[in-house]
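As structure tokens, the structure follows; a few thoughts come after it.
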Amino acid sequence: MNNEVRVRIAPSPSGYLHVGTARMAVCNWLFARHNQGKFILRIEDTDIARSDPQMVSIILESLKWLGLDWDEGPYYQSQRMEFYKKYAQILLERNKAYYCYCTPETLKRKREEAAAKKINWVYDRTCLKLSEQEKAELERKNTPKAVRIFIPEGKTSFYDIVYKELKKENKELDDFVILRSDFRPTYNFACVVDDLEMRISHVIRGNDHIANTFKQVLLYRALGAEMPSFAHLPLNLAMDRQKISKRKGAVAITDYRDAGFLPEVMVNFLAISGWSPKDEREIMTREELIQSFSLEGVSQANPIFDMQKLEWMNGEYIRAYDNEKLLDLIIPFLFKENLITEDMAKKKREWLLKYIQLFKERAKTLKEFAEKGKYLFTFDYQYEPKAVSKTFNSIEVADRLNKFAERISSLDDFKKEKIEDALRKLAEELKIEPAQLIHAVRLATTGVSGGPPLFDILELLGKEEVIKRIQKAVEFIQTR
RNA sequence: GUCCCCAUCGUCUAGUCCGGUCCAGGACACCGCCCUUUCACGGCGGUAACACGAGUUCAAAUCUCGUUGGGGACGCCA
């Protein structure tokens with residue numbers, strides 16, 4: 001099984017699961033599932049200072065939430081140090097790498113000097129030119145040393161599934177460090193060693209890694225190893241065409257979860273951002289995505305992350321969702337807003353299902369259920385100022401509301417049809433448009449001017465509550 | 001400063017490999033109409049793009065070159 005598809009997602013635990021990383025995870029996962037391959041999770045935590053174990057659990061949680069199950073791992077680079085040492089040793093023995101005794105301070109100074117003169121800096125190979133005597137002397141003094149790869153002359157090229165043939169002159173590259181003076185590997189080296197050891201068949205990652213890939217190809221060559229296939233995917237950008245960052249809105253996948261987006265929407269949306277199935281489909285099930293996904297269909301230009309389209313898609317999914325399942329997803333949001341108690345969640349399930357049905361066509365996110373329908377859960381709602389001046393514009397309105405309250409108090413069966421009958425009849429008697437009364441009642445009982453059909457709302461509120469609310473409004477109008 | 005990549009409606013894209021079927025198709029957003037007590041949903045319709053300039057060709061969104069614009073990378077970060 002040498003041609004088994006094995007892909008990986010390799011987040012670094014220096015932050016939450018970024019949407020960009022999540023998109024890469026989605027593409028890798030879809031590619032693995034499409035080809036009946038393996039999806040491997042590897043945590044790139046060689047930078048101890050910037051790695052946080054707590055972040056690891058958030059990343060795992062985020063991947064699970066998205067439903068991107070992995071077949072192997074998580075592997076931790078911090079626990080694989082012997083591999084990196086072993087491979088570095090091989091390169092050293094074959095003279096493909098050499099020790100560098102330069103201090104980071106010296107290198108930084110040289111780099112800055114070069115920048116000041118506006119010249120391109122590559123490592124000047126100071127330590128490659130060291131004589132045996134000089135080396136012995138440095139060794140005797142126990143000078144810290146890093147390991148650098150030796151970049152040969154020539155050019156390096158590789159075939160990218162998305163970008164086709166990519167090449168670069170080796171002189172543009174420098175002898176980069178592969179092992180730090182404390183023996184920890186650098187990113188490019190650890191990445192190659194692990195991809196090799198894990199028998200990764202396809203490296204699918206962001207196009208910001210193209211420059212790294214040249215270095216990695218050189219590493220594979222130096223090791224005499226066979227290379228995986230590469231596919232660099234375009235990067236999602238924020239609306240201003242810059243990289244998505246915290247300042248520009250939600251970056252962590254958990255932020256989207258907390259804002260009320262469905263995991264299947266995130267997967268669907270992330271999948272079709274930068275990739276298209278080539279037909280007119282956009283909303284696709286997980287199975288359809290797996291079935292149609294291919295790296296050949298990935299575009300080369302960086303797509304902008306379109307929040308409005310994400311919201312639209314979330315709304316589409318919500319509308320298509322089964323009410324029972326939807327309710328279970330919404331309940332946590334109701335808790336968070338303190339709209340219901342555990343007890344109510346159990347006992348008022350039927351009522352909550354009706355409420356869900358009413359707001360289903362109006363919500364773009366799960367969170368909106370808790371926001372738009374808030375007035376159903378609390379008596380402590382405010383009247384929209386604009387609607388007040390438009391609808392509660394005379395004392396007459398208070399009289400009409402009182403009359404309506406009287407009418408409904410005599411209703412035995414507080415069902416929407418009956419309520420509607422009562423209201424229309426009253427409007428006729430008062431010689432006003434039913435709409436006029438409807439708007440007044442809506443504002444009185446909900447505090448807002450729009451929303452689901454009024455009679456459904458009233459039925460849901462119940463007779464006593466509606467009457468109480470009308471009284472509240474009447475008092476409000478009278479004291480204006 | 002050096003290098004790499006990209007370029008179709010405001011946004012995501014189809015078409016580009018294998019030039020003619022494209023006075024460029026779909027979706028989001030926007031606008032209008034219908035439905036309607038409202039807000040939505042839904043239905044119908046509309047505005048809107050081949051970055052620019054050369055070249056090749058009977059014919060170019062599609063091929064070539066240049067310009068411009070955008071993105072990315074240049075660490076003992078990942």
Side-chain angles (χ1 to χ4, degrees), chain A residues 10-15 44-47 49-51 77 100 102-104 107-108 111 114-122 144-148 160 162-164 166-169 171-174 176-182 184-188 190-191 206-214 232 234-235 237 239 241-243 269 272-283 299-313 315 319 358-364 372 387 420 423-424 427 433-439 441-443 446 448-455:
Chain A
S12 77
S14 55
E44 309 218 317
D45 57 350
T46 55
D47 187 358
R50 298 209 308 182
S51 294
Q77 288 191 324
C100 173
C102 299
T103 64
L107 295 169
K108 190 174 175 230
R111 232 191 318 269
K117 285 189 221 151
K118 299 204 172 189
I119 49 176
N120 200 25
W121 157 263
V122 288
K145 60 187 186 229
V147 178
R148 283 183 188 274
D160 186 279
V162 175
Y163 290 97
K164 309 307 166 195
L166 260 18
K167 31 179 168 315
K168 188 165 214 157
E169 296 288 335
K171 61 172 185 268
E172 299 293 340
L173 270 9
D174 70 352
F176 58 95
V177 170
I178 57 173
L179 223 53
R180 301 176 172 95
S181 47
D182 61 2
R184 283 159 47 233
T186 55
Y187 165 74
N188 281 305
C191 185
N207 67 14
D208 52 336
H209 281 290
I210 289 177
N212 285 323
T213 304
F214 290 106
H232 290 89
L235 236 45
L237 303 177
M239 273 304 180
R241 294 199 174 275
Q242 305 288 110
K243 257 185 164 180
F269 182 76
I272 64 158
S273 170
W275 169 79
S276 148
K278 309 297 177 202
D279 47 36
E280 314 279 65
R281 285 179 302 163
E282 290 196 309
I283 294 192
S299 70
Q300 301 171 315
N302 296 337
I304 287 171
F305 190 92
D306 188 348
M307 200 58 188
Q308 279 183 320
K309 192 151 184 173
L310 209 217
E311 287 178 348
W312 160 78
M313 189 179 277
R319 267 166 256 136
L358 287 184
F359 284 89
K360 207 177 177 178
E361 284 176 358
R362 274 154 265 262
K364 288 194 169 74
K372 296 195 166 175
E420 182 162 4
L423 183 138
R424 291 195 185 273
E433 284 297 315
Q436 247 187 299
L437 193 51
I438 287 171
H439 290 147
V441 173
R442 179 187 293 280
L443 184 60
T446 68
V448 294
S449 56
L454 177 69
F455 304 107

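In what follows, chains carry the letters A, B, and so on, assigned in the order in which the sequence lines appear, proteins first and then strands, with residues in each chain numbered from 1. Only heavy atoms go into these numbers, but all of them, side chains included; no hydrogens, no water, no symmetry mates.
Regarding A/D306, its CG atom lies at a distance of 11 Å from the P atom of B/C28, rounded to whole Å. Counting to the nearest Å, the P atom of B/U37 and the CD atom of A/E433 are 11 Å from each other. The CD1 atom of A/I438 sits 9 Å away from the P atom of B/U38 (whole-angstrom rounding). Straight-line distance from the CE atom of A/M313 to the C1' atom of B/U11: 13 Å, rounded to whole Å. The distance from atom CE of A/M307 to atom P of B/C12 is 16 Å, rounded to the nearest whole Å. Nucleotide B/C5 holds its P atom 16 Å from the CG atom of A/L235, rounded to whole Å. Rounded to an integer number of Å, the gap from A/L358 CG to B/A40 P is 16 Å. At whole-Å resolution of the value, OH in A/Y163 and P in B/C5 are 10 Å apart.
Neither side chain, A/D160 nor A/N207, offers a donor N or O lying under 3.5 Å from an acceptor on the other.
Atom name C1', nucleotides B/C4 and B/U8: the rounded distance is 24 Å, in whole Å. Rounded to a whole angstrom, the distance from the P atom of B/G53 to that of B/A29 is 34 Å. B/C23 and B/A7 are spaced 22 Å apart, taking the C1' atom of each and rounding to whole Å. Between B/A24 and B/U68, the two C1' atoms lie 24 Å apart (nearest whole Å). B/C52 and B/U62: their P atoms are spaced 10 Å apart (whole Å). Annotation: B/U67 and B/G26 have their P atoms spaced 37 Å apart (nearest Å). Distance check on atom C1': B/G70 versus B/C33 gives 39 Å, rounded to whole Å. The gap from the C1' atom of B/C12 to that of B/C30 amounts to 16 Å, rounded to the nearest Å.
Annotation: A/K164, atom NZ; neighbour count of heavy atoms from other residues, nucleotides and ligands within 6.0 Å is above 12. No more than 12 heavy atoms of other residues, nucleotides or ligands sit less than 6.0 Å from atom NZ of A/K364.
At the heavy-atom level, A/I304 lies under 4.0 Å from the strands shown only through sugar-phosphate atoms. A/K167 comes within 4.0 angstrom of the backbone, heavy atoms only, and of no base. Nucleic acid contact for A/L310: none, since no nucleic acid atom lies under 4.0 Å from a heavy atom of the residue. Across all strands, A/R281 comes closer than 4.0 Å to no nucleic acid atom at all (heavy-atom distances).
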All N/O contacts under 3.5 Å from nucleotides 61-70 of chain B to the protein, with atom names and distances to one decimal?
none

Could you run down the sub-3.5 Å N/O contacts of the protein with nucleotides 75-78 of chain B?
from: B/C76; atom 1: OP1; to: A/R111; atom 2: NH2; distance (Å): 3.3
from: B/C76; atom 1: O3'; to: A/R180; atom 2: NE; distance (Å): 3.3
from: B/C76; atom 1: O2; to: A/S181; atom 2: N; distance (Å): 3.0
from: B/C76; atom 1: O2; to: A/S181; atom 2: OG; distance (Å): 3.1
from: B/C76; atom 1: N3; to: A/S181; atom 2: OG; distance (Å): 3.2
from: B/C76; atom 1: N4; to: A/C102; atom 2: O; distance (Å): 2.6
from: B/C77; atom 1: OP2; to: A/R180; atom 2: NE; distance (Å): 2.3
from: B/C77; atom 1: OP2; to: A/R180; atom 2: NH2; distance (Å): 2.5
from: B/C77; atom 1: O3'; to: A/R180; atom 2: NH2; distance (Å): 2.8
from: B/C77; atom 1: O2'; to: A/D47; atom 2: OD2; distance (Å): 2.5
from: B/C77; atom 1: O2'; to: A/R50; atom 2: NH2; distance (Å): 3.3
from: B/C77; atom 1: O2; to: A/R50; atom 2: NH2; distance (Å): 2.8
from: B/A78; atom 1: OP1; to: A/T46; atom 2: OG1; distance (Å): 2.5
from: B/A78; atom 1: OP1; to: A/R180; atom 2: NH1; distance (Å): 3.4
from: B/A78; atom 1: OP1; to: A/R180; atom 2: NH2; distance (Å): 2.6
from: B/A78; atom 1: OP2; to: A/R180; atom 2: NH2; distance (Å): 2.9
from: B/A78; atom 1: OP2; to: A/Y187; atom 2: N; distance (Å): 2.9
from: B/A78; atom 1: O3'; to: A/E44; atom 2: O; distance (Å): 3.3
from: B/A78; atom 1: O3'; to: A/E44; atom 2: OE1; distance (Å): 3.4
from: B/A78; atom 1: O2'; to: A/S12; atom 2: OG; distance (Å): 3.3
from: B/A78; atom 1: N6; to: A/N212; atom 2: OD1; distance (Å): 3.1
from: B/A78; atom 1: N6; to: A/N212; atom 2: ND2; distance (Å): 3.2
from: B/A78; atom 1: N1; to: A/N212; atom 2: ND2; distance (Å): 3.2

Could you list, one pair per line, each protein nitrogen or oxygen that sits under 3.5 Å from a nitrogen or oxygen of nucleotides 44-53 of chain B, together with the distance?
none

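A donor and an acceptor atom never sit less than 3.5 Å apart when one is taken from the side chain of A/K309 and the other from the base of B/A29.
Remark: A/M313 CE to A/F269 CZ distance equals 7.0 Å, nearest 0.5 Å. The CD atom of A/E433 lies 11.0 Å from the NE2 atom of A/H439; values are rounded to the nearest 0.5 Å.
Residue A/S299 has a polar side-chain atom (N or O) positioned under 4.0 Å from OP1 or OP2 of B/U13. Distances shown here put every side-chain N or O of A/K117 at or beyond 4.0 Å from the OP1 or OP2 atom of B/U2. At the phosphate of B/G42, OP1 or OP2 sits under 4.0 Å from a side-chain N or O atom of A/R319. Close to B/A14, at under 4.0 Å from its OP1 or OP2, lies a side-chain N or O of A/K278.
Residue-to-nucleotide proximity on RNA chain B shows that, of A/I210 and A/F305, the 5′-proximal contact is made by A/I210. Nearer to the 5' terminus of RNA chain B, by closest-nucleotide assignment, is the contact made by A/I119 (compared with the other of A/I119 and A/E361).
The side chain of A/P303 approaches B/C12 more closely than any other nucleotide in the set B/A29, B/C12, B/G26.
Looking at heavy atoms from C-beta onward, A/I283 lies in side-chain contact with A/W312 at the 4.5 angstrom threshold.
Across all strands shown, B/C63 forms a Watson-Crick or G-U wobble pair with B/G55, both key distances being under 3.5 Å.
A/R180 and A/D182 are not joined by a salt bridge, as no carboxylate oxygen comes within less than 4.0 angstrom of a charged side-chain nitrogen.
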